[in-house]
Q: 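My structure is below; once you've seen it, I'll send some questions.
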Amino acid sequence: MKLRQKVLFLAIAPLILALCAIALAVRHQSVLLAQQQRATIQQAYLSSKEAELKHYVALASHSISHLYDSGRDDQATREEAMRILSSLSYGDDGYFFLYDMQGNTLMHPRQPELVGQNLFGLRDENGRLTIQNLIQRAKAGGGLERYMWVKPSTHKPVAKLGYVIAMPKWGWMMGTGIYLDDVDQALAKVDVQQSGNIHNTMLWITGIAIAAAVAVASSGLALNISELRVADAKLKVLAQRVVESQEEERARLSRDLHDGISQWLVSIKLQIEAGIIRLSGGKPEQQQAAQAVFEHAADQLSNVMAEVRRISHNLRPAILDDLGLAAALQHLAKEYTLSSGTPVHFEASGCTDGLPEVANTVLFRLAQEALTNIERHAGASSIHITLAGAEPGVTLRIRDDGHGFDAEGIAHHPQRGIGLRNMMERMDAIGGRFEIVSSTDGTLVTAYAANE
């Protein structure tokens with residue numbers, strides 16, 4: 001997976017999911033709060049209207065109290081009381097009405113056509129007995145009653161909240177009411193405002209989500225560019241080191257060929273020419289001398305073949321391909337012991353057949369580099385090499401009792417520790433682990449490579 005995809009899935013996607021979850025939670029809580037607020041406002045609004053209706057009825061009672069409490073019960077007194085009540089209004093849809101206890105309409109300022117009609121059996125759209133319920137409420141001491149009634153301003157039946165009281169001396173039921181569609185309109189405005197607030201909140205969360213995603217994407221792009229630059233710089237340094245390593249290897253091969261094999265071949269050539277000259281003399285003593293020359297040349301030729309095998313082994317040990325990593329390391333330990341005089345103890349345990357070929361080569365080169373560094377810098381008197389194979393992978397440990405060194409300082413030094421950095425980079429290339437611990441008691445190099 002590329003770095004951009006990692007940034008997308010590991011950073012932006014969880015961020016967007018978290019913000020979506022927050023948005024859903026905020027929306028749910030906002031809707032719930034809006035419903036609770038609407039219910040509270042509705043209750044408070046209706047409570048205020050109920051109290052207002054009670055005050056209206058109290059004022060109406062007070063306006064005719066001088067007639068009602070006068071003790072007169074004639075038709076003129078009642079008509080005067082009706083006139084006063086019919087003149088009391090509070091808006092187009094605010095008025096008072098009068099019925100007797102049998103359901104006859106005595107006064108209705110907004111619907112005069114109902115005066116004189118008996119509406120005791122009238123039912124509203126919901127099938128409720130409107131006037132009967134109002135009369136029963138009045139006889140019970142007065143109070144609030146909901147019912148459907150035609151609204152004068154719209155001429156359409158709507159829900160109405162009425163408040164009625166009984167006037168037992170005259171056998172009347174007096175009341176007034178408010179139409180609840182006004183309440184619904186006020187609540188609808190509250191709903192619209194709350195919906196707008198929720199919508200604005202969602203827009204803010206969306207804007208924050210987009211800004212956060214852009215910020216993360218920009219950071220990921222900057223990180224990608226930075227990583228590419230660092231990787232490019234590392235690649236250039238690695239390429240330079242590869243070139244330097246190749247040049248060093250070529251220089252070493254050139255020295256080995258020039259100083260060793262080339263000189264031996266020249267010597268062998270001269271000896272063969274001298275032997276040929278002596279053979280041409282035909283004398284027995286010259287033939288014996290020629291034989292000695294050819295025997296010496298054959299010995300030198302054997303040395304040349306051994307030197308060629310040594311150089312070939314250093315380039316790519318055949319035993320590594322034929323017998324495996326353990327045998328190659330054991331052979332390397334023996335050769336180092338013979339060449340340097342420092343004893344190398346090698347131990348192998350477990351199976352190392354699961355390692356890929358490139359990992360075998362890397363571990364062998366790492367052992368070569370470690371032994372070379374020990375010979376040049378450590379001053380060790382003994383070396384221990386252990387190779388442990390297991391199902392997950394193979395671990396190589398190289399320990400010496402030398403005087404040690406500052407591993408971290410040398411590894412980051414620009415002009416020193418090339419061999420140490422080569423070992424680290426070789427292990428990184430195969431996805432392995434490399435660790436080096438050094439002190440005055442010695443140095444331990446640990447390398448781990450996974451099986452196929």
Side-chain angles (χ1 to χ4, degrees), residues 1-2 230-231 234-246 248-250 252-253 309-337 344-376 378 383-400 407-408 410-411 417-438 442-452:
M1 185 179 291
K2 296 181 180 180
V230 172
K234 289 183 178 179
L235 184 61
K236 290 181 180 179
V237 172
L238 182 60
Q240 184 178 359
R241 289 178 184 172
V242 170
V243 173
E244 292 175 355
S245 299
Q246 289 177 344
E248 289 179 359
E249 187 66 17
R250 289 173 181 174
R252 185 184 65 81
L253 289 175
R309 283 195 299 270
R310 184 187 66 81
I311 295 175
S312 175
H313 181 77
N314 288 335
L315 291 175
R316 175 70 182 183
I319 193 173
L320 181 62
D321 298 326
D322 298 337
L323 300 180
L325 179 61
L329 290 176
Q330 187 175 14
H331 182 72
L332 179 64
K334 291 180 180 179
E335 283 190 345
Y336 183 85
T337 301
V344 179
H345 305 282
F346 175 76
E347 295 179 4
S349 61
C351 180
T352 62
D353 296 338
L355 276 180
E357 182 179 352
V358 64
N360 284 325
T361 304
V362 167
L363 291 179
F364 181 80
R365 294 302 183 195
L366 188 143
Q368 279 185 319
E369 188 69 33
L371 291 177
T372 301
N373 290 338
I374 292 173
E375 183 179 5
R376 292 178 180 176
I383 303 171
H384 293 269
I385 300 177
T386 58
L387 183 68
E391 183 176 354
V394 176
T395 302
L396 173 66
R397 293 183 177 88
I398 304 173
R399 182 189 298 274
D400 68 80
E408 184 176 358
I410 291 180
I418 296 178
L420 185 60
R421 287 195 294 272
N422 286 339
M423 288 191 285
M424 294 178 180
E425 290 169 358
R426 285 178 185 270
M427 294 305 299
D428 287 340
I430 64 173
R433 296 195 301 269
F434 179 82
E435 182 181 358
I436 182 167
V437 179
S438 185
T443 302
L444 173 62
V445 174
T446 304
Y448 172 81
N451 288 328
E452 289 181 331

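Side chains included, hydrogens not; waters and symmetry mates left out as well; all remaining heavy atoms used. Residue numbers count from 1 along this sequence.
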Q: Checking Asn451 side chain against Glu391 main chain: does a donor-acceptor pair fall under 3.5 Å?
A: yes

Q: Could you tell me the separation between the CG atom of Asp400 and the NE2 atom of His384, rounded to the nearest 0.5 Å?
A: 10.0 Å

Q: Working to the nearest 0.5 Å, report the span between CZ of Arg433 and OG1 of Thr395.
A: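 Spacing of CZ (Arg433) from OG1 (Thr395) equals 7.0 Å.
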
Q: Where do Leu329 and Ala367 come nearest, in terms of heavy atoms and distance?
A: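 Closest heavy-atom pair between Leu329 and Ala367: CD2-CB, 3.5 Å.
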
Q: Please find the pair of heavy atoms, one from Pro356 and one from Ala450, that lie closest to each other, and give the distance.
A: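 Shortest heavy-atom contact: CD-O, 3.8 Å.
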
Q: Please confirm whether the backbone N or O of Val344 pairs with a side-chain atom of Thr337, one donor and one acceptor, at under 3.5 Å?
A: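 Pair found, side chain donor or acceptor close to backbone of Val344.
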
Q: Under the criterion side chain to side chain contact (heavy atoms under 4.5 Å, CB included), which of Ile385, Leu332, Thr386 is the partner of Phe346?
A: Ile385

Q: Enter the distance from Thr443:OG1 to Ile398:CD1 here, rounded to the nearest 0.5 Å.
A: 11.0 Å

Q: Would you please name every residue forming a side chain to side chain contact (heavy atoms under 4.5 Å, CB included) with Asp428, sequence neighbours left out?
A: none

Q: Just so I know, are the side chains of Val445 and Leu366 near enough to count as touching, which here means a heavy-atom distance under 4.5 Å?
A: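 Val445 reaches Leu366 side chain to side chain.
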
Q: Can you tell me how far apart CD (Glu435) and OH (Tyr448) are? Round to the nearest 0.5 Å.
A: 14.0 Å

Q: Measure the CG-CD1 distance between Leu363 and Ile430 for me, rounded to the nearest 0.5 Å.
A: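 Reported to 0.5 Å precision, the distance equals 5.5 Å.
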
Q: Do the side chains of Glu375 and Tyr336 get nearer than 4.5 Å, heavy atoms only?
A: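 In short, these two side chains touch, coming nearer than 4.5 Å.
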
Q: Over all heavy atoms of both residues, which pair between Ala328 and Phe364 is shortest? Give the atoms and the distance, please.
A: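 Distance-wise, the nearest heavy atoms are O-CE1, 3.6 Å.
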
Q: Tell me, please, which residues at least two apart from Leu444 pass side chain to side chain contact (heavy atoms under 4.5 Å, CB included).
A: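 Listed in chain order: Arg397, Arg399, Thr446.
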
